[in-house]
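Worksheet: the structure to be examined is printed underneath.
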Amino acid sequence: MTDDTPNPASKSHGRLSISASFKPRDLMADMRLKGAWTAKIVTLFPDAFPGVLGLSLTGKALDMGLWALETIDLRPFGVGKHRNVDDTPAGGGAGMVLRPDVVGAALDQAAIGTPVERERWPVLYMSPRGKRFDQAMARRLAGAEGMTILCGRFEGVDQRVLDHYGIEEVSVGDFVLTGGEIAAQIVLDATVRLIPQVLGNAASTEDESFSSGLLEYPQYTRPAEWEGREIPAVLTSGHHGEIEKWRRAESEKITRERRPDLWDAHLASLPPEKPKRQRRKADPGTEDA
């Protein structure tokens, strides 16, 4: 975009009006409930949001104002006639790096109206060198008032920005993407579904993989027989105690076989077994009653 380029026409996502500007684009400003958990996304591609987050249960919750989403477009903060947001790496090398003055200005905009304390409002940068995202982190993020996510591009972001703002680097896996937008949506999806009332049934988040440190047991539904394969008889027995035992055993078996790392962590988390009490030897000369 240049200074001479007209603003793009507004686009619509359902009831949401979307257009590029310096002001963050609040995707549910008219419907947000007071105190709703809010995500602010700093990105070169604001049109990537809400994406799949606008569908299914997360989309319904967004429409209901149970959570809110704002995008802050990096481009308007760019420098010069062409709104440049990046420059060549110091010391040489391939690619380009997002400028600290550009990213910093966008982060300052995103910080307006948010708590300073990072435990109340985390600020993340999606990066393959970051801490691995997991269910425990999703629960922590869902327990905050909201969060800001910086989506990188090119060779990344000037390190000084990350240091200055105390940004937490987070990775969704040991691979490289072309940008942070898809990774940000993964983090948001896993986090938003833990917000009260988003899924409607809190038990849905308690029985699934990772919630108990184990992978989830297999699921079945009708028909009772399909392609010669039947639902395990215990699941149709009506004996809830036996069903729970079967599910627990299956979770342990699958975790042990597929994720030895999780299985070891699970074993380490168990309380130590108490030694069995030894029976006292009967005194010589006494008889059993």
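The basis for the numbers below is simple: all heavy atoms, side chains too, and nothing from hydrogens, waters or symmetry mates. We count residues from 1, following the sequence as given.
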- Do Thr148 and Trp121 have side-chain N/O donor and acceptor atoms under 3.5 Å apart? yes
- Item | Polar contact flag, side-chain donor to acceptor under 3.5 angstrom, Asp163-Gln159 |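 Yes, because at least one side-chain N or O of Asp163 sits under 3.5 Å from a partner of the opposite role on Gln159.
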Main chain of [Y], side chain of [X]: is a donor-acceptor contact present, judged purely on distance under 3.5 Å?
{"X": "Thr38", "Y": "Ala36", "value": "yes"}
{"X": "Ser251", "Y": "Leu215", "value": "yes"}
{"X": "Thr114", "Y": "Ala111", "value": "yes"}

For [Y], is there an ion pair with [X] - N to carboxylate O distance below 4.0 angstrom?
{"X": "Arg259", "Y": "Asp261", "answer": "yes"}
{"X": "Glu168", "Y": "Lys131", "answer": "no"}
{"X": "Arg140", "Y": "Glu119", "answer": "no"}
{"X": "Arg153", "Y": "Asp86", "answer": "no"}

- Flag if over 12 foreign heavy atoms under 6.0 Å of CD1, Ile254: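 Buried by this count: over 12 neighbours within 6.0 Å.
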- Task: Please check if atom CZ in Arg118 has more than 12 non-hydrogen atoms from other residues, nucleotides or ligands closer than 6.0 Å.
- Result: yes
Exercise answer: donor-acceptor pairs, residues 222-232 side-chain atoms, under 3.5 Å, sequence neighbours excluded:
none

- Let me know which of Arg248, Lys253, Arg256, Glu250 forms a side chain to side chain contact (heavy atoms under 4.5 Å, CB included) with Leu214. Arg248
